[in-house]
Amino acid sequence: QQQLEESGGDSVQPGGSLRLSCAAYGFFLEYYNMAWFRQAPGKEREGVSCIRPSGDTTVYADYVQARFTISRDNAKQPVYLQMNSLKPEDTAIYYCAADYGQLCSFVSDEYDYWGQGTPVIVSS
């Protein structure tokens, strides 16, 4: 039924780039804040970036500033995460999440829908 699905994860060398995509099935994302989270092995899930429904307001974690860009298309769907200058520390499972009617945040409990995750591996 209603779900999110991520795609685009891959194994890349340090300094490489990837573009992740998040699509919705069974519902529409027009009025949702959309966020990307990631979880590295043995670590807790952490927020990466968030974008408001309008696409005008974005939020980034400090550790991805100037390297990652979140965006959504003119129809507010799908949502993308462009990742440049990737580092080994970026290795994680990346999840997209939808938060209906709320401000962008990195509080995972506030998000209503989650994808299954797509793996990103950055290594030489």
Side-chain angles (χ1 to χ4, degrees):
Q1 50 174 316
Q2 296 177 333
Q3 64 179 21
L4 301 175
E5 182 175 337
E6 307 92 341
S7 62
D10 206 346
S11 179
V12 299
Q13 295 183 346
S17 298
L18 287 173
R19 178 180 291 177
L20 307 184
S21 179
C22 177
Y25 296 88
F27 69 110
F28 299 97
L29 300 177
E30 182 176 3
Y31 299 111
Y32 286 80
N33 302 298
M34 297 298 301
W36 289 93
F37 290 78
R38 69 186 186 186
Q39 186 167 21
K43 298 184 178 180
E44 296 184 352
R45 187 172 298 181
E46 62 183 0
V48 176
S49 186
C50 183
I51 187 167
R52 291 279 293 157
S54 67
D56 294 334
T57 301
T58 57
V59 179
Y60 296 93
D62 290 342
Y63 53 83
V64 303
Q65 188 179 34
R67 298 191 298 120
F68 291 9
T69 303
I70 190 170
S71 63
R72 58 202 309 169
D73 67 15
N74 292 335
K76 314 301 180 185
Q77 185 174 332
V79 180
Y80 303 99
L81 183 68
Q82 178 66 47
M83 305 185 294
N84 299 323
S85 301
L86 284 163
K87 304 176 180 179
E89 294 76 25
D90 297 317
T91 296
I93 305 297
Y94 283 72
Y95 301 87
C96 65
D99 174 19
Y100 184 80
Q102 302 296 320
L103 297 175
C104 265
S105 77
F106 290 151
V107 180
S108 60
D109 288 348
E110 295 182 356
Y111 285 80
D112 303 296
Y113 298 97
W114 291 84
Q116 294 296 107
T118 186
V120 172
I121 301 173
V122 186
S123 64
S124 299

Practice task
With the side chain counted from C-beta on, respond yes when Val120 and Met83 share a heavy-atom pair under 4.5 Å apart, and no when they do not.
Solution key: yes
Handout entry: Hydrophobic cluster membership, Tyr63 vs Leu86, 4.5 Å side-chain cutoff
Key = yes
Handout entry: All pairs passing disulfide bond (SG atoms under 2.5 Å apart) where residues 83-124 contributes a residue, at least two apart
Key = Cys22-Cys96, Cys50-Cys104
Exercise for the section: Mind checking the CD1-OG1 spacing from Ile51 to Thr69? Nearest 0.5 Å is all I need. Expected result: 10.0 Å
Practice task
Name all pairs fulfilling the salt bridge (Lys or Arg N to Asp or Glu O under 4.0 Å) condition that reach into residues 5-17, sequence neighbours left out, sorted by first residue then second.
Solution key: none
Exercise for the section: Search all heavy atoms of Ala98 against all heavy atoms of Leu4 and return the closest pair with its distance. Expected result: N-CD1, 3.8 Å
Exercise for the section: Please report the C-alpha distance between Tyr113 and Asp99 in whole Å, then the side-chain angles of each, then the deciding distance to 0.1 Å, and finally whether the side-chain contact (heavy atoms from CB on, under 4.5 Å) criterion is met. Expected result: CA-CA 7 Å; Tyr113 298 97; Asp99 174 19; over 6 Å; no
Exercise for the section: Scan residues 12-29 for pairs that pass side-chain hydrogen bond (donor to acceptor under 3.5 Å, both in side chains), counting only residues two or more places apart or in two chains. Expected result: Ser17-Asn84, Arg19-Gln82
Exercise for the section: Indicate, with yes or no, if Met34 and Val107 share a hydrophobic cluster defined by side-chain heavy-atom contacts under 4.5 Å among Ile, Leu, Val, Met, Phe, Trp and Tyr. Expected result: no
Exercise for the section: Count the heavy atoms of every other residue, nucleotide or ligand shown that sit under 6.0 Å from CZ of Phe28, and state whether that count exceeds 12. Expected result: no
Handout entry: Heavy-atom donor-acceptor pair, Arg72 side chain to Leu29 backbone, under 3.5 Å
Key = yes
Completion exercise
Rounded to the nearest 0.5 angstrom, the CD-CG distance for Gln2 and Asp112 is 10.0 Å
Problem - Identified side-chain contact (heavy atoms from CB on, under 4.5 Å) counterpart of Thr118 within the set Ile93, Leu81, Leu20, Leu18 - result: Leu20
Handout entry: Residue pairs, two or more places apart or on separate chains, that pass ring pair (Phe, Tyr, Trp, His ring centres under 6.0 Å) and touch residues 77-102
Key = Tyr32-Tyr100
Handout entry: Close side-chain approach of Pro14 and Ser124, heavy atoms under 4.5 Å
Key = yes
Exercise for the section: Output all residues satisfying side-chain hydrogen bond (donor to acceptor under 3.5 Å, both in side chains) with Thr58, sequence neighbours left out; order by chain, then residue number. Expected result: none
Exercise for the section: Might you point out which heavy atoms bring Tyr111 and Ser105 nearest each other, and give the distance in Å? Expected result: OH-O, 2.5 Å
Handout entry: Pro78 to Ala23 - nearest heavy-atom pair and separation
Key = CB-CA, 4.4 Å
Problem - Phe27 with Val79, same ILVMFWY side-chain cluster at under 4.5 Å - result: yes
Practice task
Search all heavy atoms of Trp114 against all heavy atoms of Ser108 and return the closest pair with its distance.
Solution key: CZ2-O, 3.5 Å
Practice task
Give a yes or no on whether the backbone of Trp36 and the side-chain of Ser49 come within a donor-acceptor separation of less than 3.5 Å.
Solution key: no
Completion exercise
Contacts of Val64 meeting side-chain contact (heavy atoms from CB on, under 4.5 Å) (sequence neighbours excluded), chain-then-number -> Arg38, Val48, Tyr60, Ala61, Arg67, Phe68
